[in-house]
Amino acid sequence: MTTSYVEAIRAALGDALRDDPRVFIYGQDIAGSFGGAFKATKGLSELHPERVINAPICEDAITGVAIGAAIDGMRPVIEFQFADFASIAFNQLVNHAATTFWRTGRPCPLVARLPMGGTKGSGPFHCQMPEAWLSHHPGLVVVAPATVADAYWMLRDAIACDDPVIFCEHKYLYNHLRETGDPRLAERLPLGAAVVRRAGSDCTLVSYSAMLHECLSAAGVLEQEHGVSVEVIDLRCVRPLDTATILESVAKTGRVVVATEAWPFGGIPAEVVAVIASEAFHLLDAPPRRVCAVDTPIPVQPDLYAAHRPHAADIVEAVLETVRF
Amino acid sequence: MTTSYVEAIRAALGDALRDDPRVFIYGQDIAGSFGGAFKATKGLSELHPERVINAPICEDAITGVAIGAAIDGMRPVIEFQFADFASIAFNQLVNHAATTFWRTGRPCPLVARLPMGGTKGSGPFHCQMPEAWLSHHPGLVVVAPATVADAYWMLRDAIACDDPVIFCEHKYLYNHLRETGDPRLAERLPLGAAVVRRAGSDCTLVSYSAMLHECLSAAGVLEQEHGVSVEVIDLRCVRPLDTATILESVAKTGRVVVATEAWPFGGIPAEVVAVIASEAFHLLDAPPRRVCAVDTPIPVQPDLYAAHRPHAADIVEAVLETVRF
Amino acid sequence: MTPSRSIGDAMRLLAGRAGLSRELRLAHLRWALLARIVDDRLLTLYNSAQVPGNVFTSRGQEVLAAAMGVHLRAPGPGAIGDIFAPLIRDQAARLAFGETPLDVIRTHLGKVTGPMRGRDGNAHRGELAKGMLPMISHLGAMPSAVAGVLLARRLRGALAYPDSCIGITSIGDGGTATGALHEALNVIAIEKLPFVLVVANNQVSYSTFNDRSFACRDLVDRAIGYGLRGWSCDGTDAVDSLVAVGGAIAAARRGEGPQMVVASLLRLAGHGSHDDARYMPAELKARFGDGVELAQAAALAEGLIDQAGLDALLEELRALVRAAADTARGEANPDPERDDWRVLSTPDLLAMPGPTAEANP
Amino acid sequence: MTPSRSIGDAMRLLAGRAGLSRELRLAHLRWALLARIVDDRLLTLYNSAQVPGNVFTSRGQEVLAAAMGVHLRAPGPGAIGDIFAPLIRDQAARLAFGETPLDVIRTHLGKVTGPMRGRDGNAHRGELAKGMLPMISHLGAMPSAVAGVLLARRLRGALAYPDSCIGITSIGDGGTATGALHEALNVIAIEKLPFVLVVANNQVSYSTFNDRSFACRDLVDRAIGYGLRGWSCDGTDAVDSLVAVGGAIAAARRGEGPQMVVASLLRLAGHGSHDDARYMPAELKARFGDGVELAQAAALAEGLIDQAGLDALLEELRALVRAAADTARGEANPDPERDDWRVLSTPDLLAMPGPTAEANP
Ligand SMILES: Cc1ncc(C[n+]2csc(CCOP(=O)(O)OP(=O)(O)O)c2C)c(N)n1
Ligand SMILES: Cc1ncc(C[n+]2csc(CCOP(=O)(O)OP(=O)(O)O)c2C)c(N)n1
Ligand SMILES: [Mg+2]
Ligand SMILES: [Mg+2]
């Protein structure tokens, strides 16, 4: 038996609804036989008709509703149909949800699910990566699972977390990533922990979400074709950063490349590189590098799209430049 | 005769309205005898009654209106009453204004004025720094003048610029910063250029907006009390970054501290440090450092507020640690 | 209540008016007076530079806000209570709902003893345990949060018609332009929540008059577009406000769905303590009375209270506020060295999963 | 047009109905048919995997959209023209307004020759020189931009009543929930712009039915709350749509302020080509006809065209679209190596200030 990434998300939602009466889901087109634009909630409203609730097209109010419900003791999970549309909820997320605990001392345990990332032919408004602009304001936990097991357990733990969690799920992984077995039986890592997905000694490669898989294939190529041993770190939680795990690896390798599918300016890799440069300067044997998307909106046409996003080959090149420095 | 920062902004708006019939201003409470929450438009609607237009409380629509007008050949300048409220316009700014030229080939020359930054007693929602979350998406120019002359010329040039410009003006500087003479006679630097405000040899200190002045006083203290010669760079334009000017200075000093009043995570200093670490690694003799605000919302009570934001003393300390590394 | 929306409404409201008890009228007067006195004290503190930031008074809106407050039920032991998200001019409603003058002043002085612990100030205060959501500044953001609380309670089976707890919040004429309010009202109407929106049309939004804030004949005309029941009232008139707001709240409690009250009144001060409001035209000022003065006069005229009683009441309230100010002034400021500067409630995400299930009551 | 808003309206509309010329009716039929044929071709291309991404057809909405298009004036030499921000189901209006089937297909195929040069696709297309704003996906974002164009023109003195250019855009039943739309309509009403919003209530928003999108009796009840004039029509009926939309556009041109038309119809396909719409209840399908079929039948019955003429017209349009598809398919894709990947139009901010004054016509 294999489980896909989206099936793991659905399982986490179903199990959370079953186990905790405080959990409810609110979002566009999530109820009924339809079960969401990506089917992440399919079947759930049949089991929990009152707790899987269709919302109108109003991301600001959806988020406000979740904030109110969270403050009043529930564990709302909201789904944005695409992460891109969370821009409408920006204010409620960064100014309301994120500040509630600090201002009131009362936690605001909501989870916002953001289907993000590039898929071919989806264009400038259905492919964006939201983690950077939701990370600058203090008060939000921002996670981006890259594996099926993480999709399950990080969503369970996001719901269990007392703070507002931005749960960035990668649309490409939904049906393209499958793992053997039941994710419930897989390892449950702490929500905030980064993890070494592949050990190595020549260079640290930091990533998260779907780009992790490009990093893992790059690491394979680097090992087989270039004899370069790469340690691949999956951040999992991009805010706050598990800097200890990153620095520990850099201490070993002395070199680092950070890869993302997102735009470069002020992205997660900028923060990771800045932390490393400040805190592990003496450990570095080469300049830290970033591999990011081209700094334009995401084009729809497949050739442009392919050129816009980083691939394993780009990562291989960046690592080679780094180890040859 | 002296001119204050806000007077320079008013002069720039007035001169632009006078010189270019395409210019109009749209925002809350800007018209009539009132002339804006900070008086930046005082007197302008008397001279140009049709082109200084009061808007309702609808930052999203205000921005949409500016986008449409810009596309149709005007040069709209919109005022958000506080930068904090631009969060409501986030979508129109990053998804509509920022993508228009790339998608259509037609420029979208609007200027959004954001009164930003901390002032005592203003609290979590009237002190924020917006430059980071408006810089990640490609397509916006983001500037933050620190001097009276820049307040004037950068606003003129922002209006002249064919791209959407986020004009971040610091509220504290409005009436606290005065310069002698007419800013119209002051030097007009290129909109995108960083500038060395004080030459030095031991450490580069990068900043922008009001924090520049903390850096300049820190540089004075460092010179006088510690014999440390600091080169102070005013970024002026935070997106795109004038990396050449930064790297040139780092090449000279080998050390860098980047200071901001904003939050640390993914802020402008993260990007600056990441650029330096990647592109000038071999030039660095010490880890680059960031000086930022405490990573919580901005507290209202003066003691907390003072502890929240960085001061010259914090910058002095960071530079000393850097030069003693 | 002019204009009322239908003859049926008008009749019901006349009946409501007759049904106002002496106790309710007196309680209402008390809270309106107390709000005025609290506001005056805040201005005194502001003028002596003891308030970091500005003071936003409710001058001119006490009568309307008190009409909200007297109809609300504060949470208490065993009682779930209403949920209220006050804005800047709801002082009287806050007080009636359980906020103490002491906490008002503490918050304005930035004291660590106040509910916001010096972190947030002036009108940005609330206490979740007392059923009061602390506003964020962004106008329009609170109604959807109130809806969320009500939805939570519905899911827990805690909305019990015909005597349900309700949710209530206010918005100004200016704030009605926000998209956030639109989205929230639409959701509230769809969910048929026991919710009341009080629109305080005080004729001005900072310096912007109604003609630049909306273009409909009357803001109450927005109600039908959401499927809300609309009420209108003269927000300077105690009886009118009590009947309309009370009627709307009672209807929401009965399960008749969300309600919207549009009150007409005038902001009798600047936008905040920093604003001299020189832009206010005399014509407007001439059109509106001072609700607090009118309420006192009416109470005397109707024999609800006599002059001696009123004087005693005023003295009692002034003493209360004076004492609160004295207490608050002596209390501690937050100490930056001891503040925990924590923005997340989860002590350690690297230790999660851990025992979190009970953290959120 | 059921229900019309007043007896005066109803009379005017009856008169309007009588005033529809044969030419207008035939032009309307032509664009509705062409839209259907274009959509069908797009689906064929999609099914043969030639379209990156999805296709969003206007099936069921051609008649309404064509009623918009035939009343619009495209810009041309010396003519400022109307400004139109089409959404996903406005195919017929786009075509009538000057978009060519070739550009539709180019955009769907991602060709560099299309107006979006392969950067944006499917319905996200427009051409500013042709008066068409290309939509961003975020529903509700376009009306304020249309308002901005109109405001720009007013400032330049280019709105000349009683025969002004106008701005027009549409929104679905689902999209009416957006705060962005609310903010825009309020601004438009305040500025009294010559603007028309066509609300296409096709009963469903992706998979969500009206009862979860709004709770008012009829969306046209929103008009009064903004101070817009409201019109209702049967969006499957050619005459009804022409009269209501045409009436609204004519009123806007005359300077009677912003107008809102709410049309009732049914989406006759999935949300997009990827959606089988199995959630659509039979009851809904039974209630609505296919506007394109009804329009053909009516045109035949009323003697506007005979069967041979209709067959010839259909053949002409099919040939047109076939030729466009053949042309587009042979054209170049964008070349990532040659794309300028420029996101700012200013060549060099380090050289600014420079000669920029003429860059923006
Ligand atoms: C979204 C947003 N934009 C701007 C502001 C700044 N602002 C604060 S109060 C105010 C005027 C509010 O007017 P109104 O809603 O009529 O309330 P009133 O002050 O009259 O009680 C403005 C523009 C804000 N708080 N929120
Ligand atoms: C702000 C925003 N949220 C979500 C979406 C995703 N979305 C695209 S179309 C759609 C349904 C639109 O329904 P409606 O407005 O009725 O138009 P229709 O498709 O029926 O023509 C949704 C939810 C979006 N485009 N914009
Ligand atoms: Mg007001
Ligand atoms: Mg629809």
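Just so it is clear: chains get the letters A, B, ... in the order the sequence lines come, proteins before strands, and each one is counted from 1. In what follows, every heavy atom counts, from backbone to side chain, and hydrogens, waters and symmetry copies are set aside.
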**Request:** Write down the atom of A/Gly68, the atom of C/Val149, and the distance for their closest heavy-atom approach.
**Result:** O-CG2, 3.3 Å
**Asked** Got more than 12 heavy atoms from elsewhere within 6.0 Å of CD, C/Glu256?
**Response** yes
**Message:** Measuring from atom CG of A/Asp157 to atom CG of C/Leu349, what distance do you get when rounded to the nearest 0.5 angstrom?
**Reply:** 10.0 Å
**Asked** Side chain, backbone, both or neither: which part of C/Ile190 has an atom under 4.5 Å from a heavy atom of chain A?
**Response** side chain
**Request:** Could you check if a side-chain atom of C/Met142 sits within less than 4.5 angstrom of a side-chain atom of A/His96, using non-hydrogen atoms only?
**Result:** yes
**Under 4.5 Å from a heavy atom of chain C, the part of A/Pro138 involved** = both
**Message:** Strictly less than 4.5 Å between heavy atoms, which residues of residues 181-189 of chain C line up against chain A? Please order them by number.
**Reply:** C/Glu183, C/Ala184, C/Asn186, C/Val187
**Prompt:** Looking only at heavy atoms, which two atoms of A/Val65 and C/Ala147 are closest? And how far apart?
**Reply:** CG2-CB, 4.1 Å
**Asked** With no hydrogens and no angle check, is any side-chain donor or acceptor of A/Glu50 less than 3.5 Å from a backbone partner on C/Leu155?
**Response** no
**Request:** Let me know if C/Leu133 has heavy atoms under 4.5 Å from chain A in its side chain, its backbone, both or neither.
**Result:** side chain
**Asked** Using a heavy-atom distance cut-off of less than 4.5 Å, which residues of residues 107-120 of chain C contact chain A?
**Response** C/Pro115, C/Met116, C/Arg117, C/Arg119, C/Asp120
**Message:** Show the nearest heavy-atom pair for residues A/Cys161 and C/Thr346, with the distance to one decimal.
**Reply:** SG-OG1, 3.4 Å
**Asked** Side chain, backbone, both or neither: which part of A/Phe101 has a heavy atom under 4.5 Å from chain C?
**Response** both
**Complete:** Scored by heavy-atom pairs under 4.5 Å with chain C, the best of A/Thr99, A/Leu189, A/Asn91 is A/Asn91
**Asked** Which answer fits C/Met135, side chain, backbone, both or neither, if we ask what part of it has an atom under 4.5 Å from a heavy atom of chain A?
**Response** backbone
**Message:** The test is side chain to side chain contact (heavy atoms under 4.5 Å, CB included); show your working for C/His138 and A/Gln92 and say whether it passes.
**Reply:** CA-CA 9 Å; C/His138 300 70; A/Gln92 292 280 12; over 6 Å; no
**Asked** What option among A/Pro21, A/Ala66, A/Ala69 has the most heavy-atom pairs under 4.5 Å with chain C?
**Response** A/Ala69
**Item:** Proximal component of A/Ile62, with respect to chain C [non-hydrogen, under 4.5 Å]
**Value:** neither
**Message:** Is there a side chain to side chain contact (heavy atoms under 4.5 Å, CB included) between A/Ile53 and C/Glu191? Walk through the geometry before answering.
**Reply:** CA-CA 10 Å; A/Ile53 307 172; C/Glu191 300 297 342; 3.8 Å; yes
**Request:** With side chain to side chain contact (heavy atoms under 4.5 Å, CB included) as the test, would you mind laying out the steps for A/Asn95 and C/Ser137 before giving the verdict?
**Result:** CA-CA 9 Å; A/Asn95 283 316; C/Ser137 294; over 6 Å; no
**Message:** Quick check: under 4.5 Å, non-hydrogen atoms only, which of residues 76-89 of chain C neighbour chain A?
**Reply:** none
**Asked** Most heavy-atom pairs under 4.5 angstrom with chain C, which of A/Pro56, A/Cys108, A/Ala55?
**Response** A/Pro56
**Message:** Please determine whether side chain to side chain contact (heavy atoms under 4.5 Å, CB included) holds for the pair A/Trp102 and C/Leu344, giving the CA-CA distance in whole Å, both sets of side-chain angles, and the decisive distance to 0.1 Å.
**Reply:** CA-CA 7 Å; A/Trp102 181 84; C/Leu344 295 183; over 6 Å; no
**Prompt:** Under the side-chain hydrogen bond (donor to acceptor under 3.5 Å, both in side chains) test, which residues partner C/Ser345, sequence neighbours left out?
**Reply:** A/Asp163
**Item:** Minimum-distance pair of heavy atoms, taken over all atoms of C/Pro353 and A/Pro190
**Value:** CD-CA, 3.8 Å
**Contact winner vs chain C - A/Ile67, A/Thr245, A/Val141, heavy-atom pairs under 4.5 Å** = A/Val141
**Asked** Which residue out of A/Arg156, A/Arg103, A/Arg188 racks up the most heavy-atom pairs below 4.5 Å with chain C?
**Response** A/Arg103
**Fill in**
Applying a strict 4.5 Å limit to non-hydrogen atoms, the region of A/Ala244 in contact with chain C is neither
